[in-house]
Amino acid sequence: MSSNQIQSLSGFRDFFPEELSSRRHIFSAWRRVCERYGFSEYDGPPLEPLELYTRKSGDGIVGQLYEFEDKGGRPVALRPEMTPTFARMIALRAAALPKPIRWFSIPQLFRYERPQRGRLREHFQLNMDIVGETNFLADAEIIAAGIDALRELGLNKSHIRVRVSDRRLMVSLLDAIGVAGASHHAVFNTLDRLDKRPRDEIAKELQGIVSDQEVAGRILELTERSISQLQDEFADHESVVKAADDLVGVLGCLEKSGLEGYAEFDASLVRGLAYYTGTVFEIWEREGQLRAICGGGRYDDLLQALGGVDLPAVGFGMGDVVLSELLKEHQLMPAEVGCVDDYIVCVSEEERATALKVAHSLRDSGRRVTQDLQSRKVSRQLKAANQAGAERAIILGAEELSRGMVLVKDLESGEEQEVPLDSLTDRKG
RNA sequence: GUGGGCGUAGCUCAGCUGGUUAGAGCGCCGGAUUGUGGUUCCGGAGGUCGCGGGUUCGACUCCCGUCGCUCACCCCA
């Protein structure tokens, strides 16, 4: 690249036709699945008042925002996530909408952070949310939809797995073993790093938080328990039992749906986000170094905090960057489809008028048609037709036209057939 | 914000411990006797070797800086 050329900003992508084709492949699969689940698509502004993000998300996020003052001096930010916008929109209509509300969106989101594998400064993210339903059936439905959004793209349980846990369960477990409520958040943040830090380092950190070696050890042990082990071990703790029952219910729903073998309980899953109140889940590549493809959970208090409407909600976000890499890795990204059906070949400029007429008639009938624009020799035109991926070449030559015929060549088989010119140009209107 | 790796044609790369007109494959454009592509053969265009400075008789090659890309950390929607 020459040095005087202006390049795109770091972390932002150009979508050449090939990449846009991949993007459309993903988006259309997502939309098909959302519609099958009875979700309605919405969208909001990509630029929002800065306050929408600072008010409840805390200051942590502000450093990673694309934020500036607009010409009217208003602090604004490119949306880093969809949930605040979603919350506002839900709040505006909540009273009128039948519950539960099932909405989805595929916003482009922005984050000012150092780009790295699977994370850019801009990405598209499928958001699916169910609002107004506390029953765990909603949680199960959301997880199932997330799985299906990936199955629709050719991934299955051999590629992906869903880690599921529950904030209420983990909170009541911490209570049960005597960890003070004030420490819960710090404990979660530490456990969140379990898969990238040595275990003894995590143990030390936990000791620092709870200042008790034995309790720290018990926390670590909890992360390895199965759900039934926890149910047995804490059978006399009502809140643990209740939370475990719901979790078992969610996992059971997935099995009953036919999505067995995807999801498993994982007590080490916390997710950094503070606003989750119940089920949390992440979808990961089964044996890869890639980060989570999808993450979500239940957030029953957030709509109240952000939008002022007290409604429970459960949802997830699924980004396109990691997913694209995964699909390419497994050769699940289809080749770019041809964008031309018919290529009009003129043997000489004498046939141009006929070519224009044929091209337009075919286009009116819905065919995708291209013609050569510079009267190149026939061999070049056929080569161009081939490169364009055309299904057939319509060859217009003086000899055939004098008999009212044209040559239609099948570019796949190479076979040629004479057909009457009228059969290509006759149409209504 | 911190640290590692890397910057040579559109793409993937070669270029030995510094030596004079910087190469290949693919792609692109064109030609192979007048109306037939996807194979083949031939030819062509295209690079201030990221940028700036330094060392040297001489730098794509060494040193410094800078910008960019990339991977990881921090953080995580």
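Every chain is numbered from 1, with letters handed out A, B, ... down the list of sequences.
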| task | To the nearest 0.5 angstrom, please state how far the OG1 atom of T277(A) sits from the OH atom of Y299(A). | result | 10.0 Å
| Donor + acceptor pair across side chains of D148(A), Y37(A) (<3.5 Å) | yes
| T85(A)-E48(A) side chain donor-acceptor pair, cut-off 3.5 Å |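 Present: a donor and an acceptor within the cut-off.
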| request: Check whether any side-chain N or O of S348(A) sits under 4.0 Å from OP1 or OP2 of G35(B), and answer yes or no. | output: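 Looking at the OP1 and OP2 atoms of G35(B), neither is under 4.0 Å from any side-chain N or O of S348(A).
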Give me the distances for all protein-to-nucleotides 29-31 of chain B N/O pairs that come in under 3.5 Å?
residue : atom : partner : partner atom : Å
G31(B)  : OP2  : R380(A) : NE           : 3.3
G31(B)  : N7   : R380(A) : NH2          : 3.4

| said: Work out how far the C1' atom of U48(B) is from that of C60(B), and round it to whole angstrom. | reply: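 Comparing C1' positions in U48(B) and C60(B) gives a spacing of 12 Å.
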| message | Reading RNA chain B from 5' onward, which residue's closest nucleotide shows up sooner: N386(A) or R193(A)? | response |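 This one resolves to N386(A).
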| said: Reading RNA chain B from 5' onward, which residue's closest nucleotide shows up sooner: S413(A) or R79(A)? | reply: S413(A)
| said: For F188(A), does the six-membered ring have the charged nitrogen or CZ of R167(A) within the cation-pi criterion, i.e. under 6.0 angstrom from the centroid and within 45° of the normal? | reply: yes
| message | Would R121(A) pass as a cation-pi partner of Y112(A), given that its NZ or CZ must be under 6.0 Å from the six-membered ring centre and within 45 degrees of the axis? | response |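 Positive - R121(A) is close enough to the ring of Y112(A) and near enough to its axis.
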| N/O donor-acceptor pair, side chain R114(A) with base C73(B), under 3.5 angstrom | no
| Does the base of U70(B) carry an N or O that pairs as donor and acceptor with the side chain of Q116(A) under 3.5 Å? | no
| Looking at A77(B), G37(B), C74(B), which one has an atom nearest to any side-chain atom of E81(A)? | A77(B)
| remark: From the candidates G37(B), G35(B), C75(B), the one with an atom nearest any side-chain atom of L382(A) is G37(B)
| Rounding to a whole Å, what distance do you find between Y112(A):OH and C74(B):C1'? | 16 Å
| Where the side chain of R79(A) meets the backbone of G44(A), is there a donor-acceptor pair that is under 3.5 Å apart? |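 Looks like yes, one N/O pair under 3.5 Å.
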| query | In Watson-Crick or G-U wobble terms, both distances under 3.5 Å, what is the partner of C13(B)? | reply | G23(B)
